[in-house]
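Written out below as structure tokens is the structure these notes cover.
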Amino acid sequence: MTTLPEDKGVRGLVYLCQTGKCVSCGSCCGLYNMADLSRERLHAVLCARTDSFASVPRTIDGILAFEQERLRIEDAPAPIEDFHHCVFVGLIRDEGERVGCLLHPLALGNNGIDWRGLSFYGGAACKYFFCPSYDELEARIKRMAREVLNDWYEYGLIIPEHRFLAAMTDAVESRLGFALDAGALTEDGKKALADLLRLKLNWPFRDEKTPLAWNFFSTKDTSRPVLITSKHVQDPQLLGIMHELDTRPEHAACAQKTLLEHLERAGRILRSK
């Protein structure tokens, strides 16, 4: 099981923000507060910002001019109106590629100078802003998710969804009859769990009008709109997962069948050693 030096310095003792060469999350900076969250669109935006910022003079005026230019170019309404979307989120390209802050002192071209004070959230963001998963998820679930998700795109959209992660873990473990241990997972087991969690991104029965990303660091209520109820699905475990997946009620029967098939497949793999 992977352990990180940063684990000791965060509440809950499991660090979730920058966890690998290709794994990180930009949720608290509002990265996922965009209408189009397809991999292609998000990667194109991040590449454009990163490439453009490389030639920006590292001055207050230069950086603020870059911000205004990106806001003009991107010019798209955010699904969550009262939550900021920071255009200084770009890509870190060292030994891999992952989401990161273009204003960070360690970012390429900044020469150790911390420019984060020019962002909407200021320089304290990385110290004090945390998604709900830090406080709401058991440490073992956070370790499990961190262990099986190895791509910045899927990781950033899944790791803040604490209700989904908890509901899916509960459903898997109740079928297995034992608790999942991140350190004991086989490679096949990791893949099976990752496939389950990826349902968050590719659920075919999802209501497209509901924002895919929902749980930011905001203290406001982040409960998802109620679309599906016990009238449609009697099993409370399945209902909880399907609710977090924004399942449309007219697809309830087919969605439940599909979810059960995924859970049963994962269970078979996780039981085998």
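Numbers here are sequence positions counted from 1.
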- Can you hop from F66 to I92 via hydrophobic side chains spaced under 4.5 Å? no

- Task: Report yes if the side chains of F130 and C28 come closer than 4.5 Å at any heavy-atom pair, otherwise no.
- Result: no

- When rounded to the nearest 0.5 angstrom, what distance separates CG in L102 from OG in S119? 11.0 Å

- Message: Could you tell me if the side chain of Y134 sits less than 4.5 Å from the side chain of Y15, heavy atoms only?
- Response: yes

- Query: Under 4.5 Å between any side-chain heavy atoms of V233 and T247, yes or no?
  - Reply: no

- Fit a plane to each ring of Y121 and F83, take the angle between them on a 0 to 90° scale, and name the class: parallel (under 30°), tilted (30 to 60°) or perpendicular (over 60°). tilted

- salt bridge (Lys or Arg N to Asp or Glu O under 4.0 Å) between K142 and E138: does it pass, once the steps are laid out? CA-CA 7 Å; K142 288 183 280 191; E138 294 179 46; over 6 Å; no

- Task: Say whether L227 and M242 are linked into one hydrophobic cluster, either directly or through other cluster members, by side-chain heavy-atom distances under 4.5 angstrom.
- Result: no

- Query: Is the backbone of L16 close enough, under 3.5 Å, to the side chain of Y155 for a donor and an acceptor to pair up by distance?
  - Reply: yes

- Task: Keeping the roles fixed (side chain from K200, backbone from E244), state whether a donor-acceptor pair exists under 3.5 Å.
- Result: yes

- Task: Ignoring hydrogens and angles, tell me if any N or O in the side chain of E154 forms a donor-acceptor pair with the backbone of L149 under 3.5 Å.
- Result: no

- Treat each ILVMFWY residue as a node, draw an edge where side-chain heavy atoms are under 4.5 Å apart, and state whether L64 and V87 are in one component. no

- Query: Got a donor-acceptor contact below 3.5 angstrom from the D246 side chain to the D207 backbone?
  - Reply: no

- Examine distances only and state if a side-chain atom of R271 and a backbone atom of G267 form a donor-acceptor pair shorter than 3.5 Å. yes

- Query: Below 4.5 Å, heavy atoms only, C-beta onward: do F205 and L245 meet side chain to side chain?
  - Reply: no

- Message: With a 4.5 Å cut-off on side-chain heavy atoms, are N110 and F53 touching?
- Response: yes

- Task: Check the hydrophobic clustering (I, L, V, M, F, W, Y; side-chain heavy atoms under 4.5 Å; chains of links allowed) and say if L118 and V89 are grouped together.
- Result: no

- Item | Minimum-distance pair of heavy atoms, taken over all atoms of P211 and R224 | O-NH1, 3.1 Å

- Task: Could you tell me how the ring of H84 sits relative to the ring of F120: parallel (under 30°), tilted (30 to 60°) or perpendicular (over 60°)?
- Result: parallel

- Okay, side chain of D135, backbone of P132: is any donor-acceptor separation there less than 3.5 Å? no

- Gap separating the CD1 atom of I241 from the NE2 atom of H243, nearest 0.5 angstrom: 12.5 Å

- Task: For the pair E161 (side chain) and A213 (backbone), establish whether a donor and an acceptor sit closer than 3.5 Å, ignoring hydrogens and angles.
- Result: no

- Task: Looking only at non-hydrogen atoms, find the nearest pair between I159 and S133 and report the distance.
- Result: O-OG, 2.5 Å

- Any side-chain donor near an acceptor of the partner, D188 and T186, under 3.5 Å: no

- Same cluster (ILVMFWY, side-chain, under 4.5 Å), F88 and W152: no

- Side-chain contact test, heavy atoms from C-beta onward, threshold under 4.5 Å: evaluate it for L199 versus L196 and give yes or no. yes

- Task: Please round to the nearest 0.5 Å and tell me the distance separating atom CZ of R143 and atom CG of L137.
- Result: 12.0 Å

- Considering non-hydrogen atoms only, spot the tightest contact between P160 and C131 and give its length. CA-SG, 4.1 Å

- Message: Using only atom types and a distance under 3.5 Å, with no angle test, would you say the side chain of H85 pairs donor to acceptor with the backbone of G30?
- Response: yes

- Task: Return the minimal non-hydrogen interatomic distance between L180 and E173, and the atom names on each side.
- Result: N-OE2, 2.8 Å

- Spell out, as yes or no, whether a donor-acceptor pair under 3.5 Å connects the side chain of R146 to the backbone of N150. no

- Message: Determine whether a donor-acceptor pair (N or O, by modelled atom type, separation under 3.5 Å) exists between the side chain of S174 and the backbone of A171.
- Response: yes

- Message: Nearest 0.5 Å, please: how far is CG in L71 from SG in C86?
- Response: 9.0 Å

- Shortest non-hydrogen contact from E147 to A182? CG-O, 4.1 Å

- Kindly indicate whether the side chain of I73, heavy atoms from C-beta on, has any atom under 4.5 Å from the side chain of R70. yes

- Message: Please give me the minimum heavy-atom distance between I228 and H232, naming the atom from each residue.
- Response: CG1-CB, 3.7 Å

- Any side-chain heavy-atom pair of R41 and S38 under 4.5 Å: yes

- Atom CG of L197 and atom CG of L157: how far apart are they, to the nearest 0.5 Å? 12.5 Å

- Task: Please assess N111 against R58 for the test side-chain hydrogen bond (donor to acceptor under 3.5 Å, both in side chains), listing each intermediate value before the final yes or no.
- Result: CA-CA 9 Å; N111 299 314; R58 296 314 196 260; over 6 Å; no

